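Remember, predicted model here, so these are calculated numbers, not experimental data. Counting from 1, the numbers follow the sequence of the chain as shown.
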Amino acid sequence: MEIEKKLYEAAVEGDVRTLQELLQRDALILDRLILTCFNETPLHIATMRGHVEFVKLILAQNPQLAAELDSRKSSALHIASAKGHLQIIKVLLVVNPDICLAHDRDGRNPLHLAAIKGRVEVIKELIQIRPRAALGTTINGENVLHLCVKHNQLEVLKVLMEIGSWDYEFLNAKDSDGFTILHLAVADKQIETIKYLLKTNQIDVNAMDAYGNTTLDILAQSRRDMIDLQIGDSLREAGGLRAKDIQNDIKIPNKSAATPHSLPASTMPVYLGGNQAQNHPSKGDWLSKKRETIMVVASLIATMAFQAGMNPPGGVWQEQGKLDNKGIPSHRAGEAVMAYNHPKSYRYFLRANTIAFVSSLSTILLLISGLPFKRRLFMWGLMVIMWLTVTTTALTYGISIYIVTPKKDSEPLGQVIEIGVIVWCGLMALLLLGNTLRLLRIWHKKRHKIRSAAARKSANSNVNV
């Protein structure tokens with residue numbers, strides 16, 4: 001036991017001289033470790049500490065230690081790959097290159113650990129020796145690409161995509177939850193990864209997970225922010241659809257025609273040659289996009305209005321004011337300073353901010369209520385409400401900035417606000433007029449079609465008579 005203790009201490013320090021002395025005293029000490037050690041071997045420890053010369057001497061004496069596993073079924077190569085000790089990795093691969101394919105308790109091989117930790121040079125070395133290691137999967141069905149995205153290692157993902165000629169099945173492989181690498185990137189909102197994957201034109205943007213969700217469905221279920229709009233636009237440009245739209249739009253006549261090339265051009269993913277830019281969005285897609293946009297904007301405005309209400313311009317009193325002759329304080333702690341210093345402006349501020357808050361919450365409630373907002377008229381009404389919301393938000397900002405601006409700068413600020421109000425009112429009036437005219441034009445076309453259909457029906461009836 002004493003000699004083994006000294007061996008482990010030498011491994012921690014990387015003391016080659018002590019190792020040589022111990023081997024001279026007992027030439028079979030490393031061989032006995034294979035039979036008696038059930039945890040880390042001295043090779044594991046030396047590898048963890050990055051002692052290259054110590055590792056070389058151990059392997060020269062007993063190459064079989066390269067294949068020994070610790071309690072987590074990790075080899076020394078697993079540890080070296082995670083740590084990024086490239087010189088030790090090269091020594092281990094010379095002794096036993098097949099250890100690249102060994103799996104630990106979680107089903108991860110050394111290449112998987114290198115991808116998780118972002119060890120680019122290690123990945124290149126491992127794939128050069130054993131390319132098959134990239135095809136291994138973990139106990140959760142994740143391949144090395146899944147792990148890159150899951151741990152936000154975009155540079156490693158790019159290296160793997162460049163050095164390997166992966167087939168379509170590997171690039172669109174699913175884990176145990178049915179997630180592809182694009183599903184994972186969208187769920188984690190890795191916008192740069194999403195753009196990179198879509199540029200390859202090899203990723204199935206409409207693949208469904210185990211719950212029947214496409215990437216757009218996953219995006220719709222996440223917390224709303226401005227990044228969602230960018231991700232949604234990127235997915236739609238690549239031909240992305242919601243699961244319900246795929247079920248409604250894609251109709252395959254028979255099983256023999258169920259090939260990618262038999263899909264309509266408007267629903268064909270980019271990687272199969274579909275050109276989304278040449279197709280007009282369907283009515284369902286237009287309404288879906290408008291709903292999502294309004295939801296994001298309404299959520300942001302509701303958050304802004306809540307913050308403005310809790311933290312009005314000028315802040316709140318931190319302490320109670322002095323008592324008057326009747327024993328009533330001039331103000332109480334937590335009350336708005338603006339309500340006392342600028343009472344008239346505070347009333348306007350409160351009204352505008354409340355309208356913005358209530359109207360944005362009402363919009364959110366309507367959108368999540370499950371009501372069938374499938375007609376353009378309803379969506380037009382929601383957009384009008386949002387125009388009111390945005391206008392009152394702008395008014396809240398104008399009042400706030402006027403209150404916190406020093407008096408010496410109030411005159412030029414007043415001119416800027418006056419010009420801004422005129423421009424804003426003009427823009428709102430223009431948008432309202434334009435959308436109203438568009439709605440009337442659509443209504444007029446439908447009415448004309450109804451009249452034409454009625455006239456044709458009447459003419460056919462006269463002919464039959």
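- By the 4.5 Å heavy-atom criterion applied to side chains, Leu19 and Leu23 are counted as neighbours.
- Checked by atom type and distance alone, the side chain of Glu155 never pairs as donor or acceptor with a backbone atom of Gln153 at under 3.5 Å.
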- Where do Asn109 and Cys100 land on the side chain to side chain contact (heavy atoms under 4.5 Å, CB included) test, with the steps shown first? CA-CA 7 Å; Asn109 62 33; Cys100 287; over 6 Å; no
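- At distances below 3.5 Å, at least one donor-acceptor pair connects side-chain atoms of Thr392 with backbone N or O atoms of Thr389.
- At a threshold of 4.5 Å between non-hydrogen side-chain atoms, the residues Asn206 and Leu216 do not count as touching.
- Leu30 places a side-chain heavy atom less than 4.5 Å from the side chain of Leu7.
- Using a distance-only test at 3.5 Å, with no hydrogens or angles considered, no donor-acceptor pair links the side chain of His51 to the main chain of Ala10.
- We find that Arg72 and Asp106 are joined by a salt bridge, their nearest charged nitrogen and carboxylate oxygen being less than 4.0 Å apart.
- Summarising the local packing, OH of Tyr196 is surrounded by more than 12 heavy atoms from other residues, nucleotides or ligands at distances under 6.0 Å.
- Rounded to the nearest 0.5 angstrom, Phe357 CZ and Thr303 OG1 are separated by 8.5 Å.
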- Query: Going through the distances and angles, do Thr47 and His44 end up as a side chain to side chain donor-acceptor pair (under 3.5 Å)?
  - Reply: CA-CA 5 Å; Thr47 300; His44 286 86; over 6 Å; no
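- Of all the heavy atoms in Gln190 and Val149, the pair that sits closest is NE2-O, 2.7 Å.
- Of all the heavy atoms in Ala114 and Ile123, the pair that sits closest is CB-CG1, 3.8 Å.
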- Item | Intermediate values then yes/no, side chain to side chain contact (heavy atoms under 4.5 Å, CB included), Leu86 and Glu125 | CA-CA 8 Å; Leu86 188 58; Glu125 185 72 22; 4.1 Å; yes
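- Going from atom CD1 of Ile203 over to atom OG1 of Thr215 covers 11.0 Å, rounded to the nearest 0.5 Å.
- Side-chain contact between Leu171 and Thr200 is absent, with no heavy-atom pair separated by less than 4.5 Å.
- No donor-acceptor pair closer than 3.5 Å links the side chain of Arg132 to the backbone N or O of Leu101.
- A pairwise comparison of heavy atoms in Ala46 and Phe54 identifies CB-CD2, 3.5 Å as the closest pair.
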- Message: Determine whether Leu361 and Leu365 satisfy the following criterion, side chain to side chain contact (heavy atoms under 4.5 Å, CB included), listing intermediate values before the conclusion.
- Response: CA-CA 6 Å; Leu361 288 184; Leu365 184 61; over 6 Å; no
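- For the pair Glu162/Leu157, no side-chain contact is recorded, criterion being any heavy-atom separation below 4.5 Å from C-beta on.
- Applying side chain to side chain contact (heavy atoms under 4.5 Å, CB included) to Leu219 and the options Thr214, Ile194, Ile231 leaves one that passes, Ile231.
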- Query: How far apart are the C-alpha atoms of Leu69 and Ser74, what are their side-chain angles, what is the distance that settles it, and do they pass the side chain to side chain contact (heavy atoms under 4.5 Å, CB included) test?
  - Reply: CA-CA 5 Å; Leu69 307 178; Ser74 296; over 6 Å; no
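- Other residues, nucleotides and ligands place no more than 12 heavy atoms under 6.0 Å from the CZ atom of Phe306.
- Rounding to the nearest 0.5 angstrom, the gap separating the CG atom in Leu92 from the CD1 atom in Ile99 is 9.0 Å.
- Across Ile45 and Glu40, no two heavy atoms sit closer than the pair CG1-CB, 4.1 Å.
- Scanning all heavy atoms of the two residues, the minimum distance from Asn172 to Thr180 falls at O-CG2, 3.7 Å.
- Considering every non-hydrogen atom in both Phe349 and Ala308, the closest pair reads CZ-O, 3.7 Å.
- Sorted by first and then second residue, the side chain to side chain donor-acceptor pair (under 3.5 Å) pairs involving residues 76-98 (not counting sequence neighbours) are Ser75-His78, Asp98-Arg130.
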- Query: Between Tyr340 and Glu335, does a side chain to side chain donor-acceptor pair (under 3.5 Å) hold up when you go through it step by step?
  - Reply: CA-CA 9 Å; Tyr340 292 88; Glu335 292 181 336; 2.3 Å; yes
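- Here the CG-NZ distance, from Asn140 to Lys150, works out to 6.0 Å after rounding to the nearest 0.5 Å.
- Residue-environment remark: NZ (Lys117) stays at or below the threshold of 12 foreign heavy atoms within 6.0 Å.
- Annotation: cation-pi geometry not satisfied between Lys174 and Phe179 (NZ/CZ under 6.0 angstrom from ring centroid, within 45° of ring axis).
- In this structure, the side chains of Arg25 and Leu22 come closer than 4.5 Å at one or more pairs of heavy atoms.
- Residues Asn341 and Tyr346 form no side-chain contact, since every pair of their non-hydrogen atoms from C-beta on lies 4.5 Å or further apart.
- A donor-acceptor pair under 3.5 Å is formed between the side chain of Asn353 and the backbone N or O of Ala305.
- None of Leu160, Leu184, Leu197, Val156 except one satisfies the side chain to side chain contact (heavy atoms under 4.5 Å, CB included) rule with Leu145; the exception is Leu160.
- Side chains of Ile246 and Arg242 form no contact here, defined as non-hydrogen atoms less than 4.5 Å apart.
- Rounded to the nearest 0.5 angstrom, Leu147 CG and Ile116 CD1 are separated by 4.5 Å.
- Side-chain atoms of Arg108 never come within 3.5 Å of backbone atoms of Asp104 as a donor-acceptor pair (strictly under, hydrogens ignored).
- Rounding to the nearest 0.5 Å places NE2 of His146 at 4.5 Å from CG of Asp175.
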